[in-house]
Number of protein chains: 2
Amino acid sequence: MSLQQQPAKEQRRTRQRAAVDEVLEETEDFISAQDLHAALRSRGMSVGLATVYRTLQTLADNGQVDVLHTSSGEAAYRRCARDEHHHHLVCRSCKATVEVAGPAVERWTRSVAKEHGYVDVAHTLEIFGLCPRCAAQA
Amino acid sequence: MSLQQQPAKEQRRTRQRAAVDEVLEETEDFISAQDLHAALRSRGMSVGLATVYRTLQTLADNGQVDVLHTSSGEAAYRRCARDEHHHHLVCRSCKATVEVAGPAVERWTRSVAKEHGYVDVAHTLEIFGLCPRCAAQA
DNA sequence: ATGAAGAGTGACAACCATTGTCAAAATGAT
DNA sequence: ATCATTTTGACAATGGTTGTCACTCTTCAT
Ligand SMILES: [Zn+2]
Ligand SMILES: [Zn+2]
Ligand SMILES: [Zn+2]
Ligand SMILES: [Zn+2]
């Protein structure tokens with residue numbers, strides 16, 4: 001999501017990071033740090049909460065996971081399929097996520113910024129709704 | 001007999017709400033609940049912090065102010081000029097804000113959602129950058 | 001104007017996601 | 001193995017936001 005990312009600083013391979021990676025790999029939807037921590041515990045792969053936060057922070061800084069800020073302000077993380085810049089269509093109810101790219105939108109944001117003389121521009125864009133399955137119920 | 005309630009639930013006119021309204025009216029940029037509370041105190045118009053939060057919450061629910069979630073997760077509020085749906089180009093440094101509308105973007109989000117069968121759709125879109133003035137310095 | 005009904009207030013506690021601390025443990029290079 | 005450096009984790013601390021609840025203020029019918 002972010003346009004810029006730090007040159008990945010050296011990191012050591014630890015049991016904890018492998019565990020976080022594993023859960024991220026197997027998790028299709030966005031997941032919060034707290035929930036990831038709980039998921040680890042329930043799998044017997046106990047990792048300190050602070051470590052989970054730090055690991056996710058680093059992954060996000062390196063652009064290896066996408067970050068989504070929920071309406072409640074909680075941050076959620078997801079290992080996305082595509083590596084290039086993109087956005088998300090997220091189910092408000094079950095969190096089912098679709099990755100979407102919109103070149104036109106990218107052009108539009110750049111042109112708007114330029115038009116007003118803003119530089120060093122970035123943007124956030126998320127689409128929320130009810131996925132077909134959740135819409136079918138109710 | 002009593003009248004039925006309108007979409008906007010009935011509200012009483014109180015000194016506190018008038019005070020919050022006044023500050024919002026005179027504030028050009030997005031402002032957080034905490035900062036608004038401080039601004040009120042410094043003007044001698046003391047209002048309880050909880051009341052400031054509740055008032056802003058209600059204004060936001062009624063669409064009378066726009067809400068922006070900063071990167072730090074803090075919520076900021078702003079009384080915008082236009083009443084119709086729009087987005088914001090915000091200076092990362094001084095918070096200078098430009099209201100922008102993008103019909104094409106609106107169409108795009110709707111089409112993307114429809115394409116994947118998502119309904120009851122909404123979206124968030126904010127553009128961040130450095131305004132001309134802030135860019136001039138540094 | 002008066003009083004009842006209940007919406008609104010505020011000082012304070014509680015909540016909770018996130019970050020800071022720092023001694024102990026783990027890692028990678030020598 | 002040894003050492004310098006990084007990482008960890010239990011716990012404390014932070015900070016924005018919400019919950020509590022007795023008291024106050026608006027509103028409205030009388
Ligand atoms: Zn769903
Ligand atoms: Zn984009
Ligand atoms: Zn600026
Ligand atoms: Zn829009």
Side-chain angles (χ1 to χ4, degrees), chain A residues 6-23 30-62 64-78 95, chain B residues 1-24 30-62 64-78 95:
Chain A
Q6 308 281 329
K9 64 194 77 170
E10 69 145 296
Q11 293 196 186
R12 295 181 173 177
R13 269 67 64 84
T14 66
R15 169 182 69 77
Q16 292 82 347
R17 282 171 188 166
V20 170
D21 270 343
E22 185 179 322
V23 172
F30 278 92
I31 185 172
S32 70
Q34 300 278 355
D35 288 349
L36 180 34
H37 178 246
L40 284 166
R41 303 213 78 182
S42 73
R43 293 189 188 201
M45 310 185 296
S46 188
V47 176
L49 180 57
T51 299
V52 172
Y53 271 102
R54 277 184 303 240
T55 303
L56 289 173
Q57 186 73 62
T58 301
L59 289 173
D61 290 345
N62 292 7
Q64 289 161 23
V65 296
D66 279 4
V67 190
L68 180 67
H69 283 84
T70 71
S71 54
S72 67
E74 195 177 8
Y77 304 82
R78 180 177 192 268
K95 301 290 169 55
Chain B
M1 306 310 295
S2 62
L3 301 172
Q4 292 311 309
Q5 325 179 243
Q6 297 300 313
K9 67 192 75 170
E10 67 146 293
Q11 293 197 187
R12 297 182 173 178
R13 268 65 65 79
T14 67
R15 171 183 69 79
Q16 292 84 347
R17 283 172 186 166
V20 170
D21 270 342
E22 185 181 322
V23 172
L24 279 176
F30 278 92
I31 185 172
S32 70
Q34 303 274 355
D35 288 350
L36 180 33
H37 178 244
L40 285 166
R41 303 213 78 181
S42 74
R43 294 191 187 198
M45 309 185 296
S46 188
V47 176
L49 180 57
T51 299
V52 172
Y53 271 101
R54 279 184 300 239
T55 303
L56 288 173
Q57 187 73 62
T58 301
L59 288 173
D61 290 346
N62 292 9
Q64 289 162 21
V65 296
D66 280 5
V67 190
L68 181 67
H69 283 84
T70 72
S71 55
S72 68
E74 195 177 8
Y77 305 80
R78 180 177 192 266
K95 302 289 170 54

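Because the structure is a prediction, the values reported are computed rather than measured. Heavy atoms only: backbone and side chains are in, while hydrogens, waters and symmetry mates are out.
- Rounding to whole angstrom units, CZ of residue B:R13 and C1' of C:dG6 are separated by 16 Å.
- In this structure, A:H37 places its NE2 atom 11 Å from C1' of D:dA10, rounding to the nearest Å.
- How far CZ of B:F30 is from OG1 of B:T70: 11.0 Å, rounded to the nearest 0.5 Å.
- An OP1 or OP2 oxygen of D:dG9 is reached within less than 4.0 angstrom by a side-chain nitrogen or oxygen of A:R15.
- For B:Y77 and B:Q64, the side-chain atoms include no donor-acceptor pair closer than 3.5 Å.
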Give each protein N/O atom lying under 3.5 Å from an N/O atom of nucleotides 22-24 of chain D, with the pair distance.
none

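- Residue A:Q16 places no side-chain N or O under 4.0 Å from the OP1 or OP2 atom of D:dT7.
- A 4.5 Å side-chain heavy-atom check between B:Q11 and B:T58 finds at least one atom pair inside the cut-off.
- Checked by atom type and distance alone, the side chain of B:R17 pairs as donor or acceptor with a backbone atom of B:R12 at under 3.5 Å.
- Across all strands shown, A:T51 has heavy atoms under 4.0 Å from base atoms, whether or not it also approaches the sugar-phosphate.
- Atom CG in A:L56 sits roughly 14 Å away from atom P in D:dG9 (whole-Å rounding).
- Taking atom CZ of residue A:R17 and atom C1' of nucleotide C:dA25, one finds them 14 Å apart after rounding to whole Å.
- The separation between A:R41 atom CZ and D:dG9 atom C1' is 11 Å, rounded to whole Å.
- The minimum heavy-atom distance between B:A60 and B:V65, with the atom names listed, is N-CG2, 3.5 Å.
- In this structure, A:L40 places its CG atom 10 Å from P of D:dG9, rounding to the nearest Å.
- Going from atom CD of B:Q11 over to atom P of C:dT9 covers 9 Å, rounded to whole Å.
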Protein-nucleotides 18-24 of chain C N/O pairs under 3.5 Å:
residue	atom	partner	partner atom	Å
C:dT18	OP1	A:A75	N	3.0
C:dT18	OP2	A:Y53	OH	2.7

Verify side-chain contact (heavy atoms from CB on, under 4.5 Å) between B:T51 and B:H37, making sure each step is shown before the conclusion. CA-CA 9 Å; B:T51 299; B:H37 178 244; over 6 Å; no
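- The closest side-chain heavy-atom distance from B:L56 to B:L24 is below 4.5 Å.
- Partners of B:L40 according to the side-chain contact (heavy atoms from CB on, under 4.5 Å) rule, which considers only residues two or more places apart in sequence or in another chain, are B:A19, B:V20, B:V23, B:L36, B:M45, B:V47, B:V52.
- Looking at which nucleotide of DNA chain D each of B:T14 and A:V47 is closest to, the 5′-most match is held by A:V47.
- Taking atom CZ of residue A:R12 and atom C1' of nucleotide D:dT6, one finds them 4 Å apart after rounding to whole Å.
- Applying the 6.0 Å contact sphere to CZ of B:R43 captures more than 12 heavy atoms from other residues, nucleotides or ligands.
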